Amino acid sequence: MPFSKLGLSAPILKAIEEQGYTKPTAIQAKAIPIICNGKDIIAAAETGTGKTASFVLPILQHLQDAPEVRAKRIRALILTPTRELAIQVEANVQLYAKHLNLNSLAMYGGVDDEPQKAALIAGVDILVATPGRLLDMYTQRAIHFDEVEILVLDEADRMLDMGFIADINKIVERLPEERQNLLFSATISQQVRFLAKTILEDASEITIKSKKDKPKINQWLIPVDKDQKSALLSQLMQENEWPQALIFIETKRGAAKLVSQLEKRGIKAEAFHSGRSQAIREQLLADFKAGKLQYLISTAVAARGLDIDNMDLVLNYDLPDQADDYVHRIGRTGRAGASGEAISFVSRDDFRSLCYIEKRIGIMIPRKNVKGFEPRAEIPKSDLNWKPKSPQAKGRR
Ligand code: AMP
């Protein structure tokens, strides 16, 4: 089905065409007509499926002919878990709205709030915000919610994981009762379902099962001792000459240390973590997206929700504790039909995490030893039916 059959107006279709999209992705084909009909939805869709456009386009369609918005009022509110995602979603709004007379704003913490207040006074139709800063602005009476018509919860599972439930409830309680609600989540857990029950009304449920949209990701792991990881990484970087790689590491300190270890071997990389200023993070992200920066070494929290295009390679320098985080990380690659590669360094200490991950993804990740880096401490054979022995492992996924 082409975009033109989805009932979107000519200026929106023009913007889509300019993006080079030829046809809607599965989530777009399913969600857009339902949202345009004014219904609430709950959708299971990960980043990389085109989910952002699936809610932004109907919002634009709905708001395009509305009279100018009053100062400090907004018409559509999109809540996101992180500032990076807020920036990215708002950038998409701008792209798709470029032939419309609608204003948008990304609002998040960690930066001066004065420019955000000024923008609200000048008029914002579509606000993309993180919950904490939004509540702060509401308390300061810099924003009123009485004209909100559409609420979007993007990456609802992440927001719950990050402990935003109380903030979300406070915000929702203050919105007009009569409104449309759209909830997007990579996974529909029991908690997400509970949240949906309190917020949505008579919602249509959309799950994307189509394999066609599933990115092909070539995953493999390299068994390696912990103290050999940085030497292994620099050898692989020198041998493979990867155009770009997004590298995940556990701690901020680890990220900074790795950057300096690589530097000593003549490899330039940048650390991306919450200890760096917002301005630097934005600059790094822009440089990375523009291809000016080859290696970005990021902690998991900093990288949540990032939309980095044309990512060929994701490398887990450290395996995440949570299996869902692994799925999210490798979701940075192989987007929109392209294939990608996900390499993980796994040491003996990571065995437990590896078992959780393999159980979650339902496959055993192929192992490849690299000559000269075979681990002294062998990693046991994994088993998809593995069960933790110790009680402290409870609660991990
Ligand atoms: P998202 O899942 O919203 O993070 O989108 C993932 C990527 O897919 C983004 O880079 C979008 O620009 C791109 N995208 C969204 N819709 C389409 C489409 N219909 N055709 C091709 N690419 C798309």
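These numbers come from the heavy atoms of this one structure, side chains and all, not from hydrogens, waters or symmetry mates. Every number for a ligand or one of its atoms is a count from 1 in the order of the listing. Start at 1 with the first residue, then count along the sequence. Since this is a predicted model, take the numbers as computed values, not measurements.
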Output yes when the distance from some N or O of ligand 1 to some N or O of Tyr96 is under 3.5 Å, and no in every other case.
-> no
Min N/O separation Gln88 to ligand 1 under 3.5 Å = no
Apart from Val111 itself, residues in the same hydrophobic cluster as defined by side-chain heavy atoms under 4.5 Å | Ile87, Tyr108
Over all heavy atoms of both residues, which pair between Ile199 and Arg179 is shortest? Give the atoms and the distance, please.
-> O-NH2, 3.7 Å
Atom indices of ligand 1, in the order listed, that fall short of 4.0 Å to a heavy atom of Phe3 = 19 (N)
Could you tell me whether Lys23 and ligand 1 have an N or O pair separated by under 3.5 Å?
-> yes
May I ask you to test the Thr80-Phe184 pair for a side-chain heavy-atom distance under 4.5 Å?
-> no
Atom indices of ligand 1 within 4.0 angstrom of Thr52 heavy atoms, with elements = 1 (P), 3 (O), 4 (O)
Any idea which part of Phe184 is under 4.0 Å from ligand 1, heavy-atom wise: side chain, backbone, both or neither?
-> neither
For residues Met137 and Lys117, determine if any side-chain heavy atom of one lies less than 4.5 Å from a side-chain heavy atom of the other.
-> yes
Answer side chain, backbone, both or neither: which part of Gln28 comes under 4.0 Å from ligand 1, heavy atoms only.
-> side chain
Sub-4.5 Å side-chain heavy-atom contact between Phe345 and Leu315 = yes
Short N/O distance, under 3.5 Å, between Thr49 and ligand 1?
-> yes
Aromatic contact, Tyr317 with Phe248 (centres under 6.0 Å) = no
Nitrogen or oxygen atoms of Gly50 and ligand 1 under 3.5 Å apart | yes
Taking C-beta and beyond as the side chain, do Leu236 and Phe373 meet within less than 4.5 Å on heavy atoms?
-> no
